[in-house]
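These numbers come from a predicted model, not from an experiment.
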Amino acid sequence: QVQLVESGGGLVQPGGSLRLSCAASGSFVGSVLMGWYRQAPGKERELVATFTSGGSTKYADSVKGRFTISRDNAKNTVDLQMNSLKPEDTAVYYCRANTRKSYGTNWSEPYWGQGTQVTVSS
């Protein structure tokens, strides 16, 4: 069982910046793999940025060059630095995580945070 807590959302003007953070906790052993998704009103939830099981990163085309995902494996946290924000970035941002006990085992079904609102408006 994993609990995810996001923080850092808020209201910013176009061109501004925000930094989102997510902390994973709970009763688990092994590894946790974390990333960020978002969902705008009337839209499907979409990938924003994530780490892969191979240790690389993956970004949505719409945020490449503006957003940066980072992690602290020892603390089981992941951050999303968002720069040059646009009105179309307005959404609820969700932290996502999978766990596995060891190399060679299957990753769990995803866990989700409660979401944090990001609003970009002048």
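With sequence neighbours excluded, the residues satisfying side-chain contact (heavy atoms from CB on, under 4.5 Å) with K75 are D72, T77. Partners of S62 according to the side-chain contact (heavy atoms from CB on, under 4.5 Å) rule, which considers only residues two or more places apart in sequence or in another chain, are R38, A60. Partners of S7 by side-chain contact (heavy atoms from CB on, under 4.5 Å), not counting sequence neighbours, listed by chain and number: S21.
Here the OG-CD distance, from S25 to Q3, works out to 5.0 Å after rounding to the nearest 0.5 Å. Rounding to the nearest 0.5 Å places CG of L80 at 11.5 Å from CE of M34. Here the straight-line distance linking atom CD of E109 with atom OG1 of T99 works out to 10.5 Å at 0.5 Å rounding. Residue W36 holds its CH2 atom at 13.5 Å from CZ of R96, rounded to the nearest 0.5 Å. Put simply, OG on S84 and CZ on F67 are 9.0 Å apart, with the number rounded to the nearest 0.5 Å. Taken from OG1 in T90 to CD in Q117, the straight-line distance is 7.0 Å, to the nearest 0.5 Å.
Closest approach of V32 and A97 over heavy atoms only: CG2-CB, 3.8 Å. In plain terms, the two heavy atoms of A24 and L4 that are nearest each other are CB-CD2, 3.5 Å. Scanning both residues, L20 and G9, for their nearest heavy atoms gives CD2-N, 3.5 Å. Across all their heavy atoms, S17 and V12 have their closest contact at O-CG1, 3.9 Å. In plain terms, the two heavy atoms of I69 and Y59 that are nearest each other are N-OH, 2.9 Å. Nearest approach of A91 to A40, heavy atoms of both residues: CB-N, 3.8 Å.
Counting only distance, with no hydrogens or angles, the side chain of E6 and the backbone of Q114 share a donor-acceptor pair below 3.5 Å.
For residues 55-69, the pairs satisfying salt bridge (charged side-chain N to carboxylate O under 4.0 Å, His left out) are D61-K64, R66-D89, with sequence neighbours left out. Listed by first then second residue, pairs satisfying salt bridge (charged side-chain N to carboxylate O under 4.0 Å, His left out) with a partner in residues 112-122 number zero, not counting sequence neighbours.
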Practice task
Start with the C-alpha distance between D79 and Q81, add both sets of side-chain angles, then the distance that settles side chain to side chain donor-acceptor pair (under 3.5 Å), and finish with yes or no.
Solution key: CA-CA 6 Å; D79 288 3; Q81 179 65 47; over 6 Å; no

Practice task
Please report the C-alpha distance between S31 and Y103 in whole Å, then the side-chain angles of each, then the deciding distance to 0.1 Å, and finally whether the side chain to side chain contact (heavy atoms under 4.5 Å, CB included) criterion is met.
Solution key: CA-CA 9 Å; S31 301; Y103 177 82; over 6 Å; no

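In the hydrophobic clustering, where aliphatic and aromatic side chains (Ile, Leu, Val, Met, Phe, Trp, Tyr) are joined below 4.5 Å either directly or transitively, Y94 groups with Y37, L47, V92, W112.
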